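Labels below follow one simple rule: chain letters A, B, ... track the order of the sequence lines, proteins then strands, and each chain is numbered from 1. Just so you know, these numbers come straight off a predicted model, no measurement behind them.
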Amino acid sequence: MLSGISLGQYIPGDSLLHRLDPRTKVIGVLAAAVSILAFANWQGFLLAALLTLTALLVSKLPPGIILGSLKSLWLLLVITFLLQAFLTPGTLLAVLGPLKISREGMFAAVEIVLRLALLILIAFLPTLTTPPIKLTAGLESIISPLRRLGVPAHELAMMMTLALRFIPTLLQEAEVVISAQRSRGAGFTTGSPARWARSLLPLFVPLFAGALRRANDLAVAMESRCYRGGANRTRMNALKFSAADYVVIGVTMAVLAGVIALRFV
Amino acid sequence: MSSIIEIVQLTHIYSPGTPFQVTSLDSISLDIKKGVFFAIIGSTGSGKSTLVRHFNGLLTPTAGKVRVCGIDTADKRQRRNLWRSVGLVFQQPEQQLFEETVFADVAFGPRNMGLTEAEVTERVHEALRLVGLDPLAASRMSPFHLSGGVRRKAAIAGVLALRPQILILDEPTAGLDPQGKRQLMEHVEEFRRREGATIILVTHDMEEVALMAERVAVLNRGRLVMEGSPREIFSRAAELTAIGLDLPAPARLMRQLRLLGKPVRTDVLTVAEAEEEIAVLLGETLC
Ligand SMILES: Nc1ncnc2c1ncn2[C@@H]1O[C@H](COP(=O)(O)OP(=O)(O)O)[C@@H](O)[C@H]1O
Ligand SMILES: [Mg+2]
């Protein structure tokens with residue numbers, strides 16, 4: 001029910017990609033995404049596709065998980081394809097009742113779906129291969145230069161960490177509460193909107209009560225350990241670039257540069 | 001007597017086909033007779049909660065069969081009505097209270113059964129009295145302003161009000177004080193006597209098992225490793241300790257005395273039996 005795997009959820013592993021510094025993964029994915037959006041010819045596409053494919057292979061993730069992200073967003077792909085195919089004017093290729101497909105539309109549709117598919121495939125790699133806590137540490141480190149502009153980098157990262165930490169807990173709790181109320185004959189799906197809203201009370205009241213209690217406990221636990229965010233905090237596992245990180249950043253930057261250079265060939 | 005729950009080769013796998021796949025129950029076969037007080041023990045994570053969730057159709061077997069009151073829980077239509085005859089009290093049930101008053105919360109189940117308001121009130125009052133709460137005060141009490149122990153009683157009353165033929169309690173006494181534990185077990189026994197219900201108790205408290213249960217099943221890592229009367233089960237002390245379980249305190253005491261060379265029985269389970277043995281022992285040594 002709720003306990004399946006959610007989109008982009010961390011899959012433990014021991015691949016090169018898993019061991020990279022989280023900052024490398026964020027920067028690498030940004031570079032790859034720009035490459036995917038920027039390619040303007042088939043050489044550029046090949047380069048971006050090769051980078052994506054290599055990253056997927058190196059991650060050693062089960063194919064089911066990788067295709068899962070495509071599968072759960074297939075509707076987006078289909079709708080984009082249809083809109084492009086039908087709404088681009090040009091040389092007529094086929095007519096389906098009131099709908100016309102043009103040659104240009106066909107090309108544009110294939111191109112945009114390829115771009116989207118590559119983006120989806122690469123975009124989930126950081127969350128799939130990095131524990132949430134490490135990922136937020138990486139993000140914090142990347143945005144920390146903005147602290148001088150008054151951006152509370154640490155606090156933002158802390159909130160993100162806490163939110164990520166509690167999503168699975170809340171889902172699990174929701175599952176227990178739903179099961180418990182079902183055991184007393186609750187139905188969560190029937191009747192008019194007003195009755196439906198009321199039928200959700202047995203789920204949401206305990207869930208919110210639990211979340212508040214948990215938040216309160218956590219605040220007390222943090223205070224009693226004299227937690228203070230922000231300046232002068234050090235990390236137990238300091239982030240450190242290794243040789244592999246420099247290589248990966250180098251390669252992705254080279255692909256990005258290549259794709260952009262190919263636009264001008 | 002006839003079986004009320006029949007389990008044949010039950011296997012349950014969470015998140016099958018993913019890296020998070022967990023085999024939580026592994027080919028379990030078990031028969032639970034009607035009207036019996038049945039205890040399920042096992043260390044944390046051994047699959048007790050997963051097993052009892054099969055008894056009212058919340059979970060269905062990945063492989064194997066579960067028949068409850070003659071109904072195959074794989075049958076979707078019949079499974080949906082199983083909650084009317086199988087009451088399941090979850091771990092920490094006090095966290096599932098949601099109504100404004102204790103009365104309304106206990107009435108939730110009976111109302112879902114489609115009973116008349118008079119029948120609902122009658123059942124709620126009876127259930128509240130069974131767990132030792134005052135029915136009249138309950139219509140004014142908000143569950144969120146009560147102590148944990150009272151909230152637990154209220155939550156259990158919410159299941160008793162269904163008057164289930166099978167009452168399942170998942171670690172109902174965990175976290176209660178000793179007096180609260182004893183009272184709760186007395187309430188359960190009272191309910192059993194009144195309704196002739198089958199009781200299934202999941203617990204870590206071996207004294208509870210020794211005192212209350214007629215049959216015991218022992219789980220370890222999703223497998224059924226023993227089943228029998230408490231006396232049979234607790235005679236296999238070495239096997240129990242090997243899987244992280246323990247004997248009831250009186251039984252441990254008797255075994256210690258035997259180790260010290262005292263002529264006592266070691267198949268003792270309850271405090272009363274232990275007292276008898278010690279009286280005999282003292283009588284002998286004093287003379
Ligand atoms: N919703 C779930 N999703 C995945 N695994 C679960 C879930 N619930 C329990 N498990 C796993 O199943 C096994 C048995 O758990 P459980 O039935 O809760 O044991 P017990 O009640 O004896 O402590 C454990 O390994 C646990 O981690
Ligand atoms: Mg449990």
Side-chain angles (χ1 to χ4, degrees), chain A residues 1-7 9-15 18 59-68 128-129 168-191 195 198-214 217, chain B residues 14-22 24 49-50 52-53 55-59 79-100 104-115 142-144 148 151 155 157-162 164 166-168 170:
Chain A
M1 196 164 37
L2 296 167
S3 60
I5 301 180
S6 46
L7 193 59
Q9 185 186 328
Y10 173 56
I11 312 284
D14 188 35
S15 71
H18 282 87
S59 75
K60 290 193 191 150
L61 290 169
I65 297 282
I66 292 171
L67 293 178
L128 282 169
T129 60
T169 313
L170 277 180
L171 282 179
Q172 211 177 1
E173 220 162 71
E175 194 171 8
V176 171
V177 175
I178 289 175
S179 303
Q181 311 298 32
R182 278 235 172 97
S183 307
R184 292 202 283 157
F188 291 107
T189 46
T190 46
R195 284 191 49 177
R198 179 152 174 80
S199 80
L200 289 181
L201 279 184
L203 167 60
F204 282 111
V205 173
L207 211 53
F208 279 120
L212 289 177
R213 181 166 29 81
R214 216 179 279 287
D217 289 351
Chain B
Y14 283 110
S15 320
T18 74
F20 302 104
Q21 174 170 329
V22 181
S24 50
S49 299
T50 306
V52 296
R53 273 175 217 196
F55 296 168
N56 73 344
L58 281 174
L59 294 177
R79 179 172 76 219
R80 223 178 275 154
N81 279 319
L82 219 44
W83 65 272
R84 292 166 190 271
S85 36
V86 186
L88 174 52
V89 177
F90 275 67
Q91 279 176 260
Q92 306 187 331
E94 62 275 16
Q95 292 182 5
Q96 288 127 28
L97 299 170
F98 68 97
E99 283 281 11
E100 284 167 55
D105 211 289
V106 176
F108 182 65
R111 289 211 171 107
N112 285 331
M113 292 178 117
L115 301 174
S142 158
F144 297 97
R151 284 161 55 91
V159 175
L160 294 184
L162 299 169
I166 305 176
L167 175 65
I168 309 169
D170 196 346

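The shortest non-hydrogen separation linking Phe20(B) to Tyr10(A) is CZ-O, 3.4 Å. Nearest heavy-atom pair across Val205(A) and Leu97(B) is CG1-O, 4.5 Å.
Both the backbone and the side chain of Pro202(A) come within less than 4.5 Å of a heavy atom in chain B. Only the side chain of Glu99(B) comes within contact range of chain A, with heavy atoms under 4.5 Å apart.
With respect to chain B, the highest number of heavy-atom pairs below 4.5 Å among Gly64(A), Pro12(A), Ala186(A) belongs to Ala186(A). Ranked by non-hydrogen atom pairs under 4.5 Å with chain A, the options Leu59(B), Asp105(B), Leu162(B) are led by Asp105(B). Chain B forms the most heavy-atom pairs under 4.5 Å with one residue out of Ala180(A), Gly13(A), Gly68(A), Ala209(A), and that residue is Ala180(A).
With a 4.5 Å cut-off on side-chain heavy atoms, Ser183(A) and Leu58(B) count as touching.
The backbone N or O of Gln96(B) lies less than 3.5 Å from a partner atom in the side chain of Gln181(A), making a donor-acceptor pair.
For the atom pair CZ of Arg80(B) and CZ of Arg182(A), the computed distance is 9.5 Å after rounding to the nearest 0.5 Å.
Counting non-hydrogen atoms of other residues, nucleotides and ligands closer than 6.0 Å to CZ of Phe144(B) gives a total above 12.
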